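Report on the following structure.
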There are 4 protein chains.
Amino acid sequence: MRTREGNKEKDILNAAVEIFAKFGYHNSKIYQIAQEASVATGSVYVYYKNKEDLLHKIFEMLWSRLYIELKKVSEITELTSLEKLDAMVDLYLDVFAENPALALVFVNEQIQASRNQTRFTKYYEKFLDLAEKSLTEGQLRGEIIANLDMMIYRQFIFGALRNLIHRWAESPEEFSLGRIRRNFKLFIKNGIVQK
Amino acid sequence: MRTREGNKEKDILNAAVEIFAKFGYHNSKIYQIAQEASVATGSVYVYYKNKEDLLHKIFEMLWSRLYIELKKVSEITELTSLEKLDAMVDLYLDVFAENPALALVFVNEQIQASRNQTRFTKYYEKFLDLAEKSLTEGQLRGEIIANLDMMIYRQFIFGALRNLIHRWAESPEEFSLGRIRRNFKLFIKNGIVQK
Amino acid sequence: MRTREGNKEKDILNAAVEIFAKFGYHNSKIYQIAQEASVATGSVYVYYKNKEDLLHKIFEMLWSRLYIELKKVSEITELTSLEKLDAMVDLYLDVFAENPALALVFVNEQIQASRNQTRFTKYYEKFLDLAEKSLTEGQLRGEIIANLDMMIYRQFIFGALRNLIHRWAESPEEFSLGRIRRNFKLFIKNGIVQK
Amino acid sequence: MRTREGNKEKDILNAAVEIFAKFGYHNSKIYQIAQEASVATGSVYVYYKNKEDLLHKIFEMLWSRLYIELKKVSEITELTSLEKLDAMVDLYLDVFAENPALALVFVNEQIQASRNQTRFTKYYEKFLDLAEKSLTEGQLRGEIIANLDMMIYRQFIFGALRNLIHRWAESPEEFSLGRIRRNFKLFIKNGIVQK
DNA sequence: AATGAATGAGTTTTCATTCAT
DNA sequence: TATGAATGAAAACTCATTCAT
């Protein structure tokens with residue numbers, strides 16, 4: 001619970017992030033969110049249509065941020081495709097860095113958020129498409145192996161990154177973001193085989 | 001004693017897997033599971049304490065199978081550590097290969113299954129520990145790079161694998177297991193950089 | 001649970017007395033009674049129509065015993081009416097003396113037993129009627145005060161006796177039957193005023 | 001805030017008294033109570049934790065009233081101990097006089113109310129202790145026989161009174177409170193023996 | 001007669017959502 | 001807007017009773 005200047009709509013969404021992160025979407029009660037936001041239960045419904053809407057708004061906010069950032073990165077022409085890949089990992093981690101609760105909701109409730117709602121699948125695909133584009137450029141330039149199964153690869157790195165963020169959000173002291181950042185970039189590029 | 005034509009206990013568990021996979025744990029109703037298993041609602045409670053127990057039994061069955069298989073693989077002395085890593089990926093995929101619904105439950109409900117239940121976290125850690133052991137051997141033999149952050153790496157591959165299984169379970173025709181199998185092994189070992 | 005020679009019907013009824021005494025009628029489960037009687041759940045229904053029937057049979061057995069004993073006492077012509085009153089108290093206590101569990105069921109479940117069943121009210125009235133007859137004789141003989149409101153008085157002593165039996169059944173070491181017997185007889189006859 | 005025309009909390013408790021009196025605690029359904037109180041089923045749970053809580057609140061209210069009244073009586077120094085005893089009988093009857101349903105619940109559900117709850121046993125004991133104190137004073141002043149087994153006696157009169165209240169509540173026209181009041185006081189003090 | 005697995009009607013309780021103020 | 005009391009639909013779970021063997 002926080003003292004606030006008066007942006008109830010934002011307060012409620014932040015509260016929802018905290019509560020969803022703590023108990024999971026289905027175990028969270030609207031009155032808990034209201035309490036966390038220091039508003040009355042009914043006020044939640046002034047700003048949000050229903051419980052599901054809260055979750056959707058969280059994902060919407062998140063995906064649009066991710067997409068905007070990614071767009072920026074993908075448009076920096078000075079970067080090699082491998083540098084772009086690194087930059088994408090960074091932006092991804094940066095979005096969550098300030099807010100572990102948000103990371104937990106993102107990781108744990110993605111399935112629930114997608115149910116009855118194809119919007120996020122699209123966002124998600126758009127995001128991966130953009131990432132893929134950079135990689136394809138890298139192949140043309142000979143920086144990346146030519147016979148890369150992109151469809152598998154993008155799910156590969158996305159899953160790996162998601163799981164590491166999950167670990168970090170659960171125990172930030174054990175899995176520091178810096179350590180994740182450094183190693184992740186190595187793994188996806190070079191693998192682990194001793195040459 | 002009434003007839004017991006089939007194995008109701010098993011039927012109910014299989015039905016639960018189907019229903020959980022389709023709707024998610026929280027959106028699944030006991031009567032749906034009963035119906036799917038062609039038994040009365042009350043019969044579910046003859047064999048299982050409650051809804052959560054159903055989920056736990058599914059995970060128990062799964063993890064014990066995974067662990068047994070992994071143990072076997074890790075004890076084959078003839079394999080190099082990289083071959084072992086491949087074998088582990090295979091066994092993991094093989095467990096789910098016959099049952100996409102099971103894969104979906106495993107991937108989507110892990111968090112719910114762990115709540116109020118530390119048992120599975122242990123299984124999971126035991127599994128990763130065993131995998132890690134093989135990798136450490138590989139480092140000693142010079143097959144794997146020495147400066148590998150194992151703690152990050154094991155979460156890296158586990159997350160990647162989980163996500164790929166998820167994609168496959170959702171659309172097996174798009175993401176065939178063979179394709180996943182082949183590419184995954186390449187990625188984790190060699191990365192994607194053109195040398 | 002006991003080992004028995006083979007009178008299942010009786011075993012089940014005794015088991016019901018124990019379980020009803022321990023948990024109360026409504027909190028008792030048929031399977032508990034079956035277990036206590038070392039029979040299968042279904043066997044209870046071989047001998048008794050349903051749960052309520054068990055309770056009715058217990059009360060039936062009890063009231064018929066009480067009534068038979070009372071009849072005997074009331075027919076002993078050598079006794080004064082005050083001696084008869086004492087004898088009645090004794091027979092009442094004697095019926096329960098050997099079986100505290102039975103006493104508890106009798107005291108606690110009387111209301112439930114009477115619901116949907118007027119039979120016991122009749123027994124009960126018959127019992128009190130017979131007791132009343134002895135008292136009326138006593139009035140004629142001048143042993144008992146003439147202006148006694150019998151209708152109130154009989155409920156008075158019945159309630160008092162019931163409560164004392166209850167106390168005894170709950171903690172026999174604190175409220176011994178002998179002590180109850182002795183004092184009860186004094187109270188109903190002489191009161192407590194110092195003359 | 002929605003209108004609160006009456007006092008719903010009190011309405012529900014009163015409704016519970018009526019329904020419990022009519023059907024018994026275990027045969028009463030929450031929706032019956034809600035209906036009797038003209039509220040929705042869920043509203044019962046706004047004011048009371050669960051069904052058992054309703055019963056507890058009834059007993060709490062009752063015992064505290066009884067105890068307060070008793071305290072008052074016991075502190076009137078002008079009364080002899082026998083007069084105090086009479087006054088106690090009066091207060092006891094007065095509490096129920098206006099509400100037969102309450103009397104029935106008090107008499108019939110005491111055992112259920114005590115289960116999982118020692119609070120009421122304490123109230124009950126405190127009540128009897130206070131009554132006992134008055135009697136002991138009477139013994140010192142020579143108003144009451146010295147060799148009175150108080151432990152038995154207090155259970156004796158309590159049981160008798162309870163049963164008479166029960167009869168009255170069931171059929172007030174047959175057992176008028178006035179008649180009970182008058183006779184009860186005679187019985188406990190003087191017994192029935194013609195001197 | 002005896003069994004105990006199977007049944008499903010019946011009830012409590014929860015909680016997202018509404019709405020009068 | 002903001003409130004929070006009131007709602008009632010929905011679901012998990014219980015357990016007396018049945019019945020095929």
Side-chain angles (χ1 to χ4, degrees), chain A residues 6 8-9 12 26-35 37-54, chain B residues 1-5 7-9 11-12 26-35 37-54, chain C residues 6 8-9 12 26-35 37-54, chain D residues 1-5 7-9 11-12 26-35 37-54:
Chain A
K8 286 208 162 71
E9 185 168 359
I12 291 165
H26 281 103
N27 300 314
S28 298
K29 321 294 174 206
I30 294 291
Y31 66 76
Q32 291 177 312
I33 294 170
Q35 194 170 41
S38 306
V39 300
T41 304
S43 302
V44 174
Y45 289 85
V46 172
Y47 297 100
Y48 300 93
K49 196 168 159 262
N50 52 31
K51 192 179 172 183
E52 214 178 11
D53 188 34
L54 276 166
Chain B
M1 191 167 29
R2 251 181 225 186
T3 340
R4 201 200 241 258
E5 317 91 47
N7 186 339
K8 284 211 164 58
E9 185 169 359
D11 289 351
I12 292 165
H26 281 104
N27 299 314
S28 298
K29 317 299 169 204
I30 293 292
Y31 65 76
Q32 289 177 313
I33 294 170
Q35 196 168 38
S38 306
V39 299
T41 305
S43 300
V44 174
Y45 292 89
V46 172
Y47 297 100
Y48 302 93
K49 201 169 157 264
N50 52 32
K51 193 177 166 183
E52 212 178 13
D53 190 33
L54 274 166
Chain C
K8 287 209 161 72
E9 184 168 359
I12 292 166
H26 281 103
N27 300 313
S28 298
K29 321 294 172 206
I30 295 292
Y31 66 76
Q32 290 177 313
I33 294 170
Q35 194 170 41
S38 305
V39 299
T41 304
S43 302
V44 173
Y45 289 86
V46 173
Y47 298 100
Y48 301 93
K49 197 169 157 263
N50 53 31
K51 191 178 171 183
E52 213 177 13
D53 189 34
L54 275 166
Chain D
M1 188 165 35
R2 250 180 225 185
T3 339
R4 202 199 238 257
E5 317 92 47
N7 185 339
K8 284 211 163 58
E9 184 168 2
D11 290 350
I12 292 165
H26 281 103
N27 300 313
S28 298
K29 318 299 170 204
I30 294 290
Y31 65 74
Q32 289 177 314
I33 294 170
Q35 194 168 40
S38 306
V39 299
T41 305
S43 300
V44 174
Y45 291 87
V46 172
Y47 298 100
Y48 302 93
K49 201 169 158 262
N50 52 31
K51 192 175 167 184
E52 211 177 15
D53 189 33
L54 274 167

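Since the model is a prediction, treat every value here as computed from it, not as a measurement. Just so it is clear: chains get the letters A, B, ... in the order the sequence lines come, proteins before strands, and each one is counted from 1.
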With respect to the phosphate group of [N], does any side-chain polar atom (N or O) of [X] fall under 4.0 Å of OP1 or OP2?
X       : N      : value
C:Tyr47 : E:dA1  : no
D:Ser43 : F:dT7  : yes
B:Lys8  : E:dA5  : no
D:Tyr45 : E:dT13 : yes

Whole angstrom is fine here: how far is it from [atom1] in [X] over to [atom2] in [N]?
X       : N      : atom1 : atom2 : result
A:Tyr31 : F:dA2  : OH    : C1'   : 21 Å
D:Asn50 : E:dT12 : CG    : C1'   : 9 Å
D:Lys29 : E:dT11 : NZ    : C1'   : 7 Å
A:Asp53 : E:dT17 : CG    : C1'   : 13 Å
B:Ile12 : E:dG8  : CD1   : P     : 13 Å
B:Lys51 : F:dT14 : NZ    : P     : 15 Å
D:Gln35 : F:dT7  : CD    : P     : 13 Å
B:Ile30 : F:dC13 : CD1   : P     : 6 Å

Which one is paired to F:dC19, where only Watson-Crick or G-U wobble pairs with both distances under 3.5 angstrom count?
E:dG4
4.5 Å side-chain heavy-atom contact, [X] and [Y]:
X       : Y       : result
B:Leu54 : B:Ile12 : yes
D:Val44 : D:Lys51 : no
D:Asp11 : D:Val39 : no

Comparing nearest nucleotides in DNA chain E, the 5'-proximal residue of the pair B:Ala40, A:His26 is B:Ala40
CG (A:Asn50) and CD1 (A:Ile30) are apart, to the nearest 0.5 Å, by 8.0 Å
Counting the atoms with a prime plus P, OP1 and OP2 as sugar-phosphate, which does B:Val39 contact under 4.0 Å by heavy atoms, base, sugar-phosphate, or nothing?
sugar-phosphate
When you measure from the side chain of C:Lys8 to the backbone N and O of C:Tyr47, does any donor-acceptor pair fall under 3.5 Å?
no
Of B:Thr41 and C:Ser28, the one whose closest DNA chain F nucleotide lies more 5'
B:Thr41
